[in-house]
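Everything numeric here is computed off the predicted structure, so don't read it as measured data. Any value given below was found using the heavy atoms of this structure, including those in side chains, with hydrogens, waters and symmetry copies removed.
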Amino acid sequence: MIDGHKSCGCFGHSKIEITEELKYQLNHIFETLITKEYVKYFYFGGFSEFDDLCWQIVTELKLQYPSIYRIFCLSDPRYQRLSKRPRWIKDENYEEITYLDLNFDYWYTRIYYRNCEIIDRSDFVVFYVNHTERSGAYKALQYANRKKKQIINVCDTT
């Protein structure tokens, strides 16, 4: 919990079927988290269609709830320098872009440990995971379960 407010991380498969029902469900989930659970901080990693969809919905909700805070979590230390950052990571799309200092050098391992750090910082974690054991999103779900986080897996409910 940061300054009396809660936080939420978002994780899902890189490719998903985006439906109107899924958009509606996520909008309802995020709005409930904001209004009933006092979630103010939303963490994004940006490597999946699900992350992008969650960012879009939270960004739309920001018009109605301007105090919510979108945080992009970098996993590559090179991206701390603006000149090295991919063009799709734009300062104007987030209230904060942070690098989580991880002690792992390999790309895939770094993503996993970045995800674990986001989960550690989150009170709620919204997933789109169909229990494909080899996926990074599934491994993040397993980690969140071990950490006893409040989990919402929209893949189980769509």
Side-chain angles (χ1 to χ4, degrees), residues 1-76 79-80 82 85-100 102 110-130 135-145 147-158:
M1 188 173 310
I2 305 169
D3 68 15
H5 292 92
K6 295 178 184 173
S7 57
C8 176
C10 303
F11 298 94
H13 297 301
S14 57
K15 300 286 184 201
I16 63 168
E17 182 182 351
I18 298 173
T19 64
E20 291 305 312
E21 178 186 354
L22 178 59
K23 289 178 187 179
Y24 175 82
Q25 185 178 16
L26 286 170
N27 189 77
H28 177 72
I29 289 167
F30 291 135
E31 189 163 26
T32 299
L33 289 174
I34 293 164
T35 60
K36 305 259 192 276
E37 298 294 341
Y38 308 106
V39 171
K40 178 178 180 179
Y41 301 97
F42 290 88
Y43 294 104
F44 300 98
F47 285 114
S48 75
E49 288 180 357
F50 183 71
D51 285 5
D52 292 344
L53 177 59
C54 290
W55 176 86
Q56 289 169 8
I57 292 169
V58 169
T59 298
E60 290 170 11
L61 286 168
K62 188 166 176 56
L63 298 172
Q64 188 174 354
Y65 305 100
S67 65
I68 62 176
Y69 208 78
R70 301 161 302 167
I71 303 168
F72 187 88
C73 299
L74 298 169
S75 60
D76 190 326
Y79 297 165
Q80 292 180 86
L82 191 57
R85 194 176 298 161
R87 281 179 264 189
W88 57 270
I89 304 173
K90 298 179 180 175
D91 287 339
E92 62 268 19
N93 291 339
Y94 301 92
E95 282 61 56
E96 181 180 338
I97 296 177
T98 186
Y99 169 69
L100 303 176
L102 309 172
R110 189 169 43 235
I111 297 297
Y112 172 76
Y113 284 99
R114 189 270 328 262
N115 291 349
C116 292
E117 182 66 25
I118 290 172
I119 291 166
D120 288 343
R121 294 174 182 216
S122 297
D123 298 291
F124 296 87
V125 190
V126 176
F127 284 96
Y128 187 103
V129 175
N130 63 9
S135 78
Y138 180 74
K139 290 175 184 175
L141 176 62
Q142 289 179 306
Y143 182 81
N145 274 318
K147 290 295 193 166
K148 300 188 181 342
K149 296 294 179 171
Q150 295 184 66
I151 295 169
I152 302 163
N153 186 0
V154 296
C155 192
D156 287 344
T157 58
T158 55

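The ring-ring contact (aromatic ring centres under 6.0 Å, His included) test applied to Phe124 returns no partner, not counting sequence neighbours. By the side-chain hydrogen bond (donor to acceptor under 3.5 Å, both in side chains) test, Lys23 is found to be paired with Glu20, residues two or more places apart in sequence or in another chain being considered. Listed by chain and residue number, Tyr143 satisfy the side-chain hydrogen bond (donor to acceptor under 3.5 Å, both in side chains) test with Asp120 (two or more places apart in sequence, or in another chain). Under the rule for a side-chain contact (heavy atoms from CB on, under 4.5 Å), the partners of Glu49 that lie at least two apart in sequence or sit in another chain are Lys15, Ile16. With sequence neighbours excluded, the residues satisfying side-chain hydrogen bond (donor to acceptor under 3.5 Å, both in side chains) with Glu95 are Arg70.
Residues Val129 and Leu141 come closest through the heavy atom pair CG1-CD2, 3.9 Å. Of all the heavy atoms in Tyr112 and Lys139, the pair that sits closest is CE1-CB, 4.0 Å. The shortest non-hydrogen separation linking Ser48 to Ser14 is CB-CA, 3.5 Å. Taking every heavy atom of both residues into account, Ile71 and Tyr41 meet most closely at CD1-CD2, 4.0 Å. Residues Cys73 and Arg114 come closest through the heavy atom pair O-NH1, 3.2 Å.
With rounding to the nearest 0.5 Å, the separation of CD1 in Ile152 from NZ in Lys149 is 13.5 Å. Atom CG of Asp123 and atom OG of Ser7 lie 4.5 Å apart (nearest 0.5 Å). The distance from atom OG of Ser67 to atom NZ of Lys40, rounded to the nearest 0.5 Å, is 5.5 Å. Gln64 CD to Leu61 CG: the interatomic distance, rounded to the nearest 0.5 Å, is 6.5 Å. The line from CG of Asn93 to OG1 of Thr59 is 7.0 Å long, rounded to the nearest 0.5 Å.
The shortest side-chain heavy-atom distance between Phe127 and Val125 falls under the 4.5 Å cut-off. You'll find the side chain of Ser122 reaches within 4.5 Å of the side chain of Tyr43, heavy atoms only. Side-chain contact between Tyr24 and Thr19 is absent, with no heavy-atom pair separated by less than 4.5 Å. Residues Cys54 and Phe30 meet the side-chain proximity criterion, which asks for heavy atoms closer than 4.5 Å. Taking 4.5 Å as the limit, some side-chain heavy atom of Phe11 sits within range of a side-chain heavy atom of Ile119. In this structure, the side chains of Val126 and Cys8 come closer than 4.5 Å at one or more pairs of heavy atoms. Within the 4.5 Å cutoff, side-chain heavy atoms of Ile29 are placed close to those of Val154.
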Listing, residues 31-39 side-chain donor-acceptor contacts under 3.5 Å, not counting sequence neighbours, or none:
from  : atom 1 : to    : atom 2 : distance (Å)
Glu31 : OE2    : Tyr65 : OH     : 2.6
Thr32 : OG1    : His28 : O      : 2.8
Thr35 : OG1    : Glu31 : O      : 2.9

- request: Check step by step if side chain to side chain contact (heavy atoms under 4.5 Å, CB included) holds for Tyr94 and Trp55.
  value: CA-CA 9 Å; Tyr94 301 92; Trp55 176 86; 3.4 Å; yes
Audit row: Leu26, Phe50, side chain to side chain contact (heavy atoms under 4.5 Å, CB included) steps and yes/no: CA-CA 10 Å; Leu26 286 170; Phe50 183 71; 3.8 Å; yes
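The closest donor-acceptor contact from the side chain of His13 to the backbone of Ser135 lies at 3.5 Å or more, if one exists at all.
Proximity of the aromatic rings of Phe72 and Phe44 is defined here by a centroid distance below 6.0 angstrom, and this criterion is not met.
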